[in-house]
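Right, one structure below, let's go through it.
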2 protein chains.
Amino acid sequence: MTRPDDSLDRVIHEPARLRLMTLLFVVDEADFTYLSNQTGLTAGNLSTHMAKLENAGYVAVDKSFAGRRPRTVYRLTDNGRNALVAYRAAMDDMLGRIDPSN
Amino acid sequence: MTRPDDSLDRVIHEPARLRLMTLLFVVDEADFTYLSNQTGLTAGNLSTHMAKLENAGYVAVDKSFAGRRPRTVYRLTDNGRNALVAYRAAMDDMLGRIDPSN
DNA sequence: CAAATAGCTTTGTGGCACAAAGCATATCGC
DNA sequence: GCGATATGCTTTGTGCCACAAAGCTATTTG
């Protein structure tokens, strides 16, 4: 018995959140509605997933008002960017040997 | 609301099983004890994970005897190999834009 | 022959993803 | 000005599942 595998950050690993993280990585910032549309997540699920990413310190939230309507804008923190890059590295490492021609 | 994300096969996506699948991909066949040693999974967890991979049709099991002791040998099915290759493709697609220098 | 080891399978449980319900404000129809 | 519908979320409820622990069968060892 060596050690259980924890090279893949579970917070990022969840498909919905992985999607959200990669989205935020490229667009830099996005509001709640945009993220919901892009991912197809219901408001409820999106809300809880974002809360989890917040708690992990991977995203920062800015709640303001656009006119009289609330507007919630998310962006990755430096920590979040680093964690995602590390996740990609771990995944590449894991899948590196998976070759279609094999 | 577009569609929820199901491009990543959940059976494979689970880290423990991803590890097992990639292992089997390269070694071609492996017995229970070897897999337990390599992954650090307890016998219980390994057993249930392998059962899940079996049910998905991704691994084939051969139970035989080495001398008088039982020996359980696993290998990927063609289906399993294809699914893993597809998983890698989906993951590459998802992470393609995650560039450390960005 | 009792105790330990090997090789698993089954059971129990906490955590979490997801859906549904709830809540607050805002605009629209009449 | 007042229901009805929409917008923008948060909270609640529940079923599933990964993981650990316990259990089970057979075999080897002192």
Side-chain angles (χ1 to χ4, degrees), chain A residues 1-21 23-24 29-56 58-75 94, chain B residues 1-21 23-24 29-56 58-75 94:
Chain A
M1 230 187 301
T2 45
R3 60 190 54 189
D5 188 349
D6 57 351
S7 62
L8 294 172
D9 184 336
R10 288 275 190 172
V11 174
I12 298 182
H13 190 63
E14 173 63 28
R17 287 191 296 264
L18 179 56
R19 191 83 209 298
L20 290 165
M21 294 280 287
L23 258 174
L24 287 173
E29 70 170 40
D31 65 28
F32 192 95
T33 304
Y34 174 82
L35 290 176
S36 179
N37 289 338
Q38 288 297 311
T39 59
L41 290 168
T42 62
N45 294 342
L46 180 55
S47 180
T48 48
H49 282 307
M50 294 314 285
K52 205 148 213 180
L53 291 173
E54 263 190 86
N55 290 337
Y58 292 166
V59 302
V61 194
D62 180 30
K63 286 175 184 286
S64 61
F65 282 85
R68 347 199 79 231
R69 291 189 164 285
R71 180 153 195 267
T72 305
V73 176
Y74 299 96
R75 46 171 57 244
M94 185 92 88
Chain B
M1 233 189 295
T2 46
R3 61 191 55 190
D5 188 349
D6 56 351
S7 61
L8 294 173
D9 184 337
R10 287 276 190 171
V11 173
I12 299 181
H13 191 62
E14 174 62 29
R17 288 191 294 264
L18 179 55
R19 193 79 210 299
L20 290 166
M21 294 280 286
L23 258 173
L24 287 174
E29 70 170 38
D31 65 26
F32 192 94
T33 305
Y34 174 82
L35 290 177
S36 178
N37 289 337
Q38 287 297 310
T39 59
L41 290 169
T42 63
N45 294 343
L46 179 55
S47 181
T48 48
H49 282 308
M50 292 315 285
K52 205 147 212 179
L53 291 174
E54 263 190 86
N55 290 337
Y58 293 166
V59 302
V61 194
D62 180 29
K63 285 175 185 286
S64 61
F65 282 85
R68 347 199 79 232
R69 292 189 162 287
R71 180 153 196 266
T72 304
V73 176
Y74 299 97
R75 48 170 55 245
M94 184 92 87

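Residue numbers start from 1 in every chain, and the chains themselves are labelled A, B, ... in the order their sequence lines are given, proteins ahead of strands. Every value quoted in this text rests on a predicted model; they were computed, and no experiment measured them. Values below: all heavy atoms of this structure, side chains included; hydrogens, waters and symmetry mates excluded.
Applying the side chain to side chain donor-acceptor pair (under 3.5 Å) test to B:Tyr74 and every residue at least two apart in sequence or in another chain returns nothing. Checked against side chain to side chain donor-acceptor pair (under 3.5 Å), A:Glu29 has the following partners two or more places apart in sequence or in another chain: A:Arg75. Residues passing the side chain to side chain donor-acceptor pair (under 3.5 Å) test with B:Asp31, sequence neighbours excluded: B:Arg71. For B:His49, the side chain to side chain donor-acceptor pair (under 3.5 Å) test picks out B:Arg17, with sequence neighbours left out. For B:Ala56, the side-chain contact (heavy atoms from CB on, under 4.5 Å) criterion is met by B:Val11, B:Tyr58, not counting sequence neighbours.
For the pair A:His49 and C:dC18, the criterion of a side-chain N or O lying under 4.0 Å from OP1 or OP2 is met. Look at A:Arg10 and you'll find a side-chain N or O under 4.0 angstrom from OP1 or OP2 of D:dC19.
Atom CG in B:Leu35 sits roughly 10 Å away from atom P in C:dC8 (whole-Å rounding). The nearest whole Å value for the distance from the CD1 atom in A:Ile12 to the P atom in C:dC16 is 16 Å. Separating the CE atom of A:Met50 from the C1' atom of C:dA17 is a distance of 16 Å, rounded to the nearest angstrom. Rounded to whole angstrom, the span from the CZ atom of A:Arg19 across to the P atom of C:dA17 amounts to 17 Å. C:dA6 atom C1' lies 12 Å from atom CG of B:Asn37, rounded to whole Å.
Within the 4.5 Å cutoff, no side-chain heavy atoms of A:Pro15 are placed close to those of B:Met94.
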- Reading nucleotides 7-17 of chain D from 5' to 3' and marking B where a protein heavy atom lies under 4.0 Å of the base, S where only the sugar-phosphate is that close, and - otherwise, the string is SSBBB-----S
